[in-house]
> 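This structure is in structure tokens; I'll ask about it shortly.
All figures in this text were calculated on a predicted structure; none of them were measured in a lab.
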Amino acid sequence: MFKMKNLVLLGPPGAGKGTLSAMLREESSLPHISTGDIFRVEINKGSELGKKAEEYVNKGQLVPDEIVAEMTGSRLEEKDCADGFILDGFPRTVRQAELLEKELIKTNRKLDLVIYFKAEKDLLIKRLTARLTCKSCGINFNKIFARPRKEGICDECGGELFQRPDDSYETAVNRLKVYEEQTSPLIAFYEDKKLLSEINAGLPKEESYTALLKVLK
Ligand code: AMP
């Protein structure tokens, strides 16, 4: 188990937050809470929440703060989060970070660490536009860097691989712009709170993973 338990993974789309979280599952039982994954499930189900989120997600825009914060707040109050959690893709705005702080205070908790996944924009575009995602388990592959053993099939669960609609070139570029404008101010926000640790997310995944384990121990 790690010393740091209440964790936020912060960084641009394509930085490998989801991929390294999946690798972490092998060493830690902390629940992985990806707001993007939750939205994709709700959109597929056609739920009320999914309907509210769909348009934003497909355009690569942010779902309004209050909707995401409420959804994440209820998730954090579930039993399995009592001994720690890994938040992936939340918060994404300063307002969300403030709402998260409130939620944690309400339940007598605080963040232990925010890990900033740093990577260059050109690499992020390459990764996003070549990314393949499993329809069943959500694990990512990549047509260039991490091909599946069998084309179109997930190595882990045998599910079908597809390209997320928001991984098209235009939407990926837009998501990176949204990240720069709305999410990157969180780097200074958490630096001020002495919570930020940076890892080089531009390396092959095994090397970035080693860097991640180092900051967690
Ligand atoms: P991701 O899988 O993290 O790349 O998220 C996919 C999409 O879900 C984003 O482009 C947003 O439309 C939406 N989303 C996920 N997390 C958030 C968040 N914290 N705030 C607003 N929108 C979000």
> Would you check if the side chain of Thr72 reaches a backbone N or O of Val68 as a donor-acceptor pair within less than 3.5 Å?
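Judged by distance alone, yes, a pair lies under 3.5 Å.
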> Test: side chain to side chain donor-acceptor pair (under 3.5 Å). Region: residues 134-159. Which pairs qualify, not counting sequence neighbours?
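Sorted result for residues 134-159: Thr133-Asn140.
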> Answer whether the closest heavy-atom distance between the side chains of Phe141 and Arg131 falls below 4.5 Å.
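In short, these two side chains do not touch, never coming nearer than 4.5 Å.
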> What pairs meet the salt bridge (Lys or Arg N to Asp or Glu O under 4.0 Å) rule with one or both residues in residues 4-27, with sequence neighbours excluded?
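Every pair satisfying salt bridge (Lys or Arg N to Asp or Glu O under 4.0 Å) with a residue in residues 4-27: there are none.
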> Listed by chain and number, what are the salt bridge (charged side-chain N to carboxylate O under 4.0 Å, His left out) partners of Glu181, not counting sequence neighbours?
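For Glu181 the salt bridge (charged side-chain N to carboxylate O under 4.0 Å, His left out) partners, ignoring immediate neighbours, are Lys177.
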> Enumerate the residue pairs fulfilling side chain to side chain donor-acceptor pair (under 3.5 Å) with a member in residues 55-64, sequence neighbours excluded, ordered by first and then second residue.
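For residues 55-64, and leaving out neighbouring residues, the side chain to side chain donor-acceptor pair (under 3.5 Å) pairs sorted by first residue read Glu55-Lys59.
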> Pick from Leu24, Ile33, Asn6: which one makes a side-chain contact (heavy atoms from CB on, under 4.5 Å) with Ile86?
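The option that passes is Leu24.
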> Could you list the residues that satisfy salt bridge (charged side-chain N to carboxylate O under 4.0 Å, His left out) with Asp37, not counting sequence neighbours?
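Once residues adjacent in sequence are excluded, the partners of Asp37 under the salt bridge (charged side-chain N to carboxylate O under 4.0 Å, His left out) criterion are Arg40.
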> Distance from Leu124 atom CG to Thr129 atom OG1, nearest 0.5 Å?
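Answer rounded to 0.5 Å: 10.5 Å.
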> Using a 4.5 Å cut-off on heavy atoms from C-beta on, say whether the side chain of Leu212 contacts that of Ile115.
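The answer is yes, as the side chains (C-beta and beyond) meet within the 4.5 Å cut-off.
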> Going by the side chain to side chain donor-acceptor pair (under 3.5 Å) test, which pairs reach into residues 44-54, not counting sequence neighbours?
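Side chain to side chain donor-acceptor pair (under 3.5 Å) check on residues 44-54 returns Glu42-Lys45, Glu42-Ser47.
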> Test your reading of the model: is there a side-chain donor-acceptor pair from Asp166 to the backbone of Gly60, 3.5 Å cut-off?
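No, because the side chain of Asp166 does not come within donor-acceptor range (under 3.5 Å) of the backbone of Gly60.
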> Keeping the roles fixed (side chain from Thr35, backbone from Gly89), state whether a donor-acceptor pair exists under 3.5 Å.
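A pair under 3.5 Å: yes.
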> If you measure from CG on Leu203 to OG on Ser208, what distance do you get to the nearest 0.5 Å?
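The CG atom of Leu203 sits 4.5 Å away from the OG atom of Ser208.
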> List for me each residue that meets side chain to side chain donor-acceptor pair (under 3.5 Å) alongside Glu207, sequence neighbours excluded, and say none if there are none.
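Result, side chain to side chain donor-acceptor pair (under 3.5 Å) vs Glu207: none returned.
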> Does a side-chain heavy-atom distance below 4.5 Å link Met71 with Phe39?
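The answer is yes, as the side chains (C-beta and beyond) meet within the 4.5 Å cut-off.
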> Rounded to the nearest 0.5 Å, how far apart are CG of Leu104 and CG of Leu76?
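Reported value, rounded in 0.5 Å steps: 6.0 Å.
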> Are Leu20 and Ile139 in one and the same hydrophobic cluster, where Ile, Leu, Val, Met, Phe, Trp and Tyr link if side-chain heavy atoms are under 4.5 Å apart?
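No, because Leu20 and Ile139 fall into different hydrophobic clusters, even though each may have its own neighbours under 4.5 Å.
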> Without swapping roles, check the side chain of Tyr116 against the backbone of Leu196 for a donor-acceptor pair under 3.5 Å.
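Absent.
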> How would you list all residue pairs meeting side chain to side chain donor-acceptor pair (under 3.5 Å) that involve residues 182-194, not counting sequence neighbours?
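Passing the test, one end in residues 182-194: Glu101-Lys193.
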> What I'd like to find out is whether the side chain of Leu111 reaches to under 4.5 Å of the side chain of Leu100, using heavy atoms alone.
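Answer yes - side chains close enough.
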> In Å and rounded to the nearest 0.5 Å, what is the CD1 to OH distance from Ile125 to Tyr169?
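Atom-to-atom, Ile125:CD1 and Tyr169:OH are 5.5 Å apart.
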> Taking side chain as C-beta onward, heavy atoms only, is Thr93 less than 4.5 Å from Leu62?
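Yes. Closest side-chain heavy atoms under 4.5 Å.
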> Look at the side chain of Thr107 and the backbone N and O of Arg109, then say whether any donor-acceptor pair between them is shorter than 3.5 Å.
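No.
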> Holding to side-chain contact (heavy atoms from CB on, under 4.5 Å), I want the full list of residues that pass it with Ala211, two or more places apart in sequence or in another chain.
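Testing Ala211 for side-chain contact (heavy atoms from CB on, under 4.5 Å), a comparison that skips the adjacent residues, returns Ile199.
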> For the atom pair CG (Leu87) and SG (Cys81), what is the distance rounded to the nearest 0.5 Å?
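It comes to 8.0 Å.
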> Under the side chain to side chain donor-acceptor pair (under 3.5 Å) rule, collect the residues that match up with Glu66, sequence neighbours excluded.
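With sequence neighbours excluded, Glu66 shows a side chain to side chain donor-acceptor pair (under 3.5 Å) to Arg95, given in chain and number order.
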> Is there a side-chain contact between Pro148 and Ile153, using heavy atoms and a 4.5 Å cut-off?
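No - every pair of side-chain heavy atoms lies 4.5 Å or more apart.
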> Not counting sequence neighbours, which residues clear salt bridge (charged side-chain N to carboxylate O under 4.0 Å, His left out) with Glu78? List them please.
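With neighbours one apart ignored, the set is Arg75.
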> Checking Asp88 now: which residues fulfil salt bridge (charged side-chain N to carboxylate O under 4.0 Å, His left out) with it, not counting sequence neighbours?
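Testing Asp88 for salt bridge (charged side-chain N to carboxylate O under 4.0 Å, His left out), a comparison that skips the adjacent residues, returns none.
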